[in-house]
Amino acid sequence: MKTALRDTISLLLTLLFTATCTAQVRIVNYNTGQPRGGLATVLEAIGEEAYIHGIHRPIDILLVQEQRRIRTDTENIASLLNEIYGTSVYRAGQLEGDETSNGATGRPGVIYRSDVVELLDESTVGRISFTGQARQALRYNFGLIGYPADASFYIYNSHYKAGNTFDDKKRRLVEAEAIRADSDQLGTADIIYAGDFNIRSSTEAMYRHLRSDGPGQALDPIDSAGTWHNTNRFKQLHTQSPVTRARYSRQTTGGMDDRLDFQLVTDGLMDSEGFDYIAGSYRAFGNNGTHPLNGEITQGSGAAPNVLEALTTATDHLPVVADYQLPANMLVQVTIPEVIALNQASAAWRVSVTNNHANRFAGDELDYEISWQDNTIAVTDVGGGNTIEHPIDLNFQQQGTHTLELSVTATSPKTANSIFNQSISYTVAFPGDANLDGLFNSSDLVAVFSVGEYEDMIANNSDWADGDWNADHEFDSGDLIAAFQTGAFERDPPTAGFVVPEPAGLSLFVLGVGGIASHLRRRRDSSTKA
């Protein structure tokens, strides 16, 4: 019984994990150091949190700092995430940068969901020295699975020099200069600058250089300039330290008093187009500002008590979490019958165009043009989860096979499945011309019943005993005529246009069905024998 319950819970978790794969992207920056007790609780809680617009999903990209080695700390965290969700999609980046302490203070690293993003490239930025950059920053180039190549973006992951001396600040500036020299060469790319910045104020030279003009200019998505250190005004942004009393060896204490951890973005991630920051989603996880300044995070109410406690044992930082919308995702569906009755003016087929996202906050709005024959229609601002239907009349006046060229092209940036082209073929036939020979006669009835579906339908119809459609207690051609008159056979192609003939042609109709009726009756009688 316990095994069955465990399997059921595992299945539900897998379904939940899979269901979130087409939503937005959740990016987390977290100075975890080596994995410690409580880390799994924190990572799982981040995935369960619906901070804004009801959006919740597992972490897609986890940027970590103070990693001693990829094969130990970083890959262990990836394994931890795979264990939480019962999957194998989490992978660690493989590039290790240099640092002056030879691993003692740790390097940046990354873990990512390989079913959501693809790590296209990773490279080091800057050179280490005892008077300059303490650790090499790492630059990651990610692509979005299922999206075109131009939907890629970059992340710079840094652990800047700690301390507040003149030399410490100077060394942080050296790293910022190296990063901006590198990012400015990318042009107008979508860039995230993340990491443990180790700064106390927006006036510091390192921060001002990241924010300086140029192609790679960094913007604060929450626009919170000022002196963050030990200030009640910015208490909700503080990420260090969640404890006043150490829970493990060498843990930084002092309580919540510093905004050390950041995600800054370039302008392309703030323009509401394509891959973009979701306004209002940036937060220091577990911190809603209800704790006292310089107090422990457990004194607040920013998460469940067990999660707040886990934050105090996992590390001496809080995670920074932000959600990003995906570009639009176009889904085109065509509905058309293979056979249409001649002059059946009410018949039409439809093209449905959907922005295939869970909701309007998860993805960008879809813009597109739909074209057929001499018609072109431009449509804009189709929100996530919404569908636009386009009814298109066909040529019903000319018998035979016709072809129509359909094109749907997305005009919104970086849209997935942005081009749809299809040649649509359909046949116009006489009403009731089931065998498409251009005539309406008994052979059409043979064609109808050769499919077999209507024979079973008559034999099993619950409204009429044994196929006695006209309720005269006989099973003969009259029952078939009655069935057609009630519309029972006006169903899917090839008989969608099948109609009862005019009285002048009724005798031909009866002659055609007589043999079929006898066959059906014989089959019914034989099926009742013991």
Side-chain angles (χ1 to χ4, degrees), residues 22 144 146-151 271-276 325-357 359-360 362-440 444 487 490-499:
T22 56
L144 297 170
Y147 284 85
D150 64 350
D271 61 2
S272 301
E273 296 288 344
F275 182 69
D276 209 69
Q325 73 173 19
L326 290 166
N329 184 0
M330 188 170 73
L331 172 66
V332 181
Q333 295 173 300
V334 178
T335 303
I336 178 173
E338 295 176 4
V339 181
I340 301 172
L342 184 68
N343 295 321
Q344 189 176 345
S346 61
W349 61 283
R350 295 181 179 275
V351 178
S352 298
V353 183
T354 302
N355 190 357
N356 195 25
H357 283 300
N359 57 56
R360 66 188 182 93
D364 188 16
E365 294 175 333
L366 172 64
D367 305 330
Y368 64 91
E369 286 188 350
I370 178 169
S371 301
W372 72 98
Q373 294 174 335
D374 298 325
N375 302 282
T376 299
I377 299 175
V379 180
T380 60
D381 300 334
V382 180
N386 290 339
T387 298
I388 303 296
E389 288 194 341
H390 300 275
I392 301 177
D393 291 329
L394 302 176
N395 179 1
F396 309 122
Q397 287 74 45
Q398 184 177 357
Q399 186 182 2
T401 300
H402 303 272
T403 301
L404 181 145
E405 300 296 330
L406 172 70
S407 174
V408 186
T409 304
T411 55
S412 46
K414 306 176 182 179
T415 299
N417 308 307
S418 60
I419 298 176
F420 178 92
N421 293 309
Q422 186 171 332
S423 294
I424 309 297
S425 295
Y426 61 96
T427 299
V428 177
F430 290 125
D433 185 12
N435 62 0
L436 303 180
D437 64 356
L439 301 173
F440 178 75
D444 296 307
E490 294 183 8
R491 304 203 313 173
D492 298 334
T495 58
F498 210 114
V499 297

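Computed from a predicted structure; not experimentally measured. Heads up: numbering here begins at 1 and tracks the sequence.
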Can you tell if the side chain of [X] reaches within under 4.5 Å of the side chain of [Y], non-hydrogen atoms only?
| X | Y | answer |
| --- | --- | --- |
| D364 | P413 | yes |
| N417 | L331 | no |
| T335 | Q333 | no |

Are the side chain of [X] and the backbone of [Y] linked by a donor-acceptor contact shorter than 3.5 Å?
| X | Y | answer |
| --- | --- | --- |
| N356 | M330 | no |
| H357 | P327 | yes |
| Q325 | G274 | yes |

* Give, for atom CZ of F420 and atom CD1 of I370, the distance between the pair rounded to the nearest 0.5 Å. => 9.0 Å
* Structure fact -> d(L404 CG, Q422 CD) to nearest 0.5 Å is 10.0 Å
* Structure fact -> Heavy-atom closest pair (D150 atom, K414 atom, distance to 0.1 Å) is O-CE, 3.1 Å
* To do: State, to 0.1 Å, how close N355 and N329 come at their nearest heavy-atom pair, and which atoms those are.
  => OD1-N, 3.2 Å
Pairs of donor and acceptor atoms involving the side chains of residues 380-390, under 3.5 Å and at least two apart or interchain, shall be tabulated with distances.
unit_1, atom_1, unit_2, atom_2, d
T387, OG1, T354, OG1, 2.7
H390, NE2, Y368, OH, 2.8

* Is there a side-chain contact (heavy atoms from CB on, under 4.5 Å) between V379 and V353 once you walk through the steps? -> CA-CA 10 Å; V379 180; V353 183; over 6 Å; no
